[in-house]
Protein chains: 2
Amino acid sequence: MFSKACEYAIRATLHIAQESLKGRRVGLKEIAEAIDSPVAFTAKILQILSRNNIVQSLKGPTGGFEIEHGQIAHTKLSQIVFAIDGDKIYQGCGLGLSKCDAEKPCPVHFQFVAIRDEMQRMLEETSVLELAEGLEQGLTFLKR
Amino acid sequence: MFSKACEYAIRATLHIAQESLKGRRVGLKEIAEAIDSPVAFTAKILQILSRNNIVQSLKGPTGGFEIEHGQIAHTKLSQIVFAIDGDKIYQGCGLGLSKCDAEKPCPVHFQFVAIRDEMQRMLEETSVLELAEGLEQGLTFLKR
DNA sequence: TTAATACAGGATAAATTTGTCTTAAAATAA
DNA sequence: TTATTTTAAGACAAATTTATCCTGTATTAA
């Protein structure tokens, strides 16, 4: 569904959010450990998230990653997905046609639009805060 | 959503179905032309579809690919997707966890299950016949 | 000021997916 | 039977994605 990079991005963001809510800043290695991801690759992804201002990074001792408190409730999954994978999840024909729309649709155009719309709605409605709370309550998990 | 291979597979199958309904057998080159796909790669995919008995192939002059008439109405998109991409579309955690279920879910488990179930239902309900008919009626297109 | 710590960024490498090429095998028709 | 046509299959190559490594830069605390 998503690229590996995007999966790591969501997991990393949720872990940072969870720690930020507790007033803690987290380092790269701690993040990679918490979400069970390759450290160096995770660093690349965090760079992108930082450039897109989805997370904030601070260098030096006591540095690390965090998310502004006020931001956590407003950041939606859709922003993370868009930062990493772009809009190809919403755009783009399900059968790979270079162009495909209601005027001149591929054979599965309308079926796919229905599912993609639901996916988009879900990503835009789901906030980092609510998911981080599920983690904090021990209801959900970031690695297994 | 799907791999390139899977996209070609669906497009190729639909073209073969469309021609089979008209009593015509189609060669590899004609298929690749009709769906605008790389010939040699399409050949590989057709091999897989043939081995999985989703299409039938015949060698030699007048040979080519076809689908048994009785089969066209019964073949569902899900069979094509499964033959090429396996069950990783239905299985597998949305965030890439090695294990993820209702007992110990990832943070987006239930949101993803809902969307995946709808996708699965759609793939299992959509037949090659109905899509080939849309093509034959000029309502839908396999290349653009 | 200096040493240590932690992220940033570029180069590089491994793995996977996508795609090509060549030869073999099968089948038809002359 | 033989020449021709067409798919089958394996080896190979290109492109993309995933992942690593090394050096630079910023920051903090002593």
Side-chain angles (χ1 to χ4, degrees), chain A residues 1-13 15-16 19 24-33 35-67 81 83-86 88-89 92 95-96 98, chain B residues 1-13 15-16 19 24-33 35-67 81 83-86 88-89 92 95-96 98:
Chain A
M1 200 82 96
F2 296 142
S3 67
K4 229 65 177 101
C6 195
E7 292 173 357
Y8 295 146
I10 294 172
R11 279 151 66 192
T13 302
H15 179 68
I16 296 167
E19 294 303 304
R24 292 208 284 259
R25 193 175 287 159
V26 281
L28 168 62
K29 274 175 288 187
E30 185 190 329
I31 295 168
E33 160 64 25
I35 70 173
D36 193 25
S37 65
V39 179
F41 192 48
T42 304
K44 292 296 185 202
I45 293 160
L46 287 169
Q47 279 178 37
I48 298 173
L49 294 177
S50 176
R51 272 188 234 118
N52 283 271
N53 203 42
I54 289 167
V55 304
Q56 285 76 49
S57 79
L58 292 101
K59 289 183 175 181
T62 78
F65 296 88
E66 64 185 12
I67 308 181
V81 173
I84 304 295
D85 283 350
K88 69 185 171 201
I89 291 167
L95 293 188
S98 58
Chain B
M1 199 84 95
F2 295 141
S3 68
K4 229 63 177 106
C6 194
E7 291 174 357
Y8 295 145
I10 294 173
R11 279 151 66 192
T13 302
H15 180 67
I16 296 167
E19 294 303 304
R24 294 208 283 260
R25 194 175 286 159
V26 281
L28 168 63
K29 274 175 289 189
E30 185 190 330
I31 295 169
E33 159 65 24
I35 70 173
D36 192 25
S37 66
V39 178
F41 192 47
T42 305
K44 290 297 183 202
I45 292 160
L46 287 169
Q47 280 178 36
I48 298 172
L49 294 177
S50 176
R51 271 189 235 117
N52 283 271
N53 202 42
I54 289 167
V55 304
Q56 286 76 48
S57 78
L58 292 101
K59 288 183 176 182
T62 77
F65 296 88
E66 65 184 12
I67 309 181
V81 173
I84 305 294
D85 284 349
K88 69 183 169 201
I89 292 167
L95 294 189
S98 59

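Below, chain A is the first sequence line, B the second, and so on; all start at residue 1.
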Under 3.5 Å, which donor-acceptor pairs do the side chains of residues 24-31 of chain A form with other protein atoms, sequence neighbours left out?
from	atom 1	to	atom 2	distance (Å)
A:Arg24	NE	A:Glu19	OE1	2.8
A:Arg24	NH2	A:Glu19	OE1	3.0
A:Arg25	NE	A:Glu66	OE1	3.1
A:Arg25	NH1	A:Thr62	O	2.9

Would you please name every residue forming a side-chain hydrogen bond (donor to acceptor under 3.5 Å, both in side chains) with [X], sequence neighbours left out?
X	answer
A:Lys59	none
A:Asn52	none
B:Asp85	B:Ser3
A:Thr13	none

*Among all residues two or more places apart in sequence or in another chain, which pass the side chain to side chain contact (heavy atoms under 4.5 Å, CB included) test with B:Gln47?*
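Partners of B:Gln47 under the side chain to side chain contact (heavy atoms under 4.5 Å, CB included) test: B:Lys44, B:Arg51.
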
| request: Report yes if the side chains of A:Ile54 and A:Ile67 come closer than 4.5 Å at any heavy-atom pair, otherwise no. | output: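 They are not in contact (no side-chain heavy atoms under 4.5 Å apart), so the answer is no.
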
Rounded off to whole Å, could you give me the [atom1]-to-[atom2] distance for the [X] and [N] pair?
X	N	atom1	atom2	answer
B:Tyr8	C:dT17	OH	C1'	11 Å
A:Glu30	C:dC7	CD	P	10 Å
B:Ile84	C:dT18	CD1	P	11 Å
A:Glu7	D:dT18	CD	C1'	12 Å
B:Ile31	D:dT6	CD1	P	12 Å
A:Phe41	C:dG9	CZ	C1'	15 Å
B:Leu28	C:dT22	CG	P	16 Å
A:Arg25	D:dA26	CZ	C1'	14 Å

Would you tabulate the side-chain donor-acceptor contacts of residues 35-42 of chain A under 3.5 Å, counting partners in other chains and residues two or more places apart, or write 'none'?
from	atom 1	to	atom 2	distance (Å)
A:Ser37	OG	A:Thr42	OG1	2.6
A:Thr42	OG1	A:Pro38	O	2.6

Letter by letter from the 5' end, nucleotides 11-17 of chain D scores (B base, S sugar-phosphate only, - none; protein heavy atoms under 4.0 Å) B------

Within residues 58-66 of chain B, those residues having any heavy atom closer than 4.0 Å to DNA chain D are B:Leu58, B:Lys59, B:Gly60, B:Pro61, B:Gly64, B:Phe65

Handout entry: Close approaches to DNA chain D from residues 45-56 of chain B, in residue order (heavy atom, under 4.0 Å)
Key =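 Correct list: B:Gln47, B:Ser50, B:Arg51.
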
request  = Quick one: pull up CG in A:Leu95 and CE in B:Met1 and give me the separation to the nearest 0.5 Å.
outcome  =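 So the gap between those two atoms works out to 11.0 Å.
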
Interatomic spacing from CG in A:Leu49 to CD1 in A:Ile16 - rounded to 0.5 Å
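Here the interatomic distance stands at 7.0 Å.
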
Nearest heavy-atom approach of B:Ala9 to B:Ile45 is CB-CG2, 3.6 Å

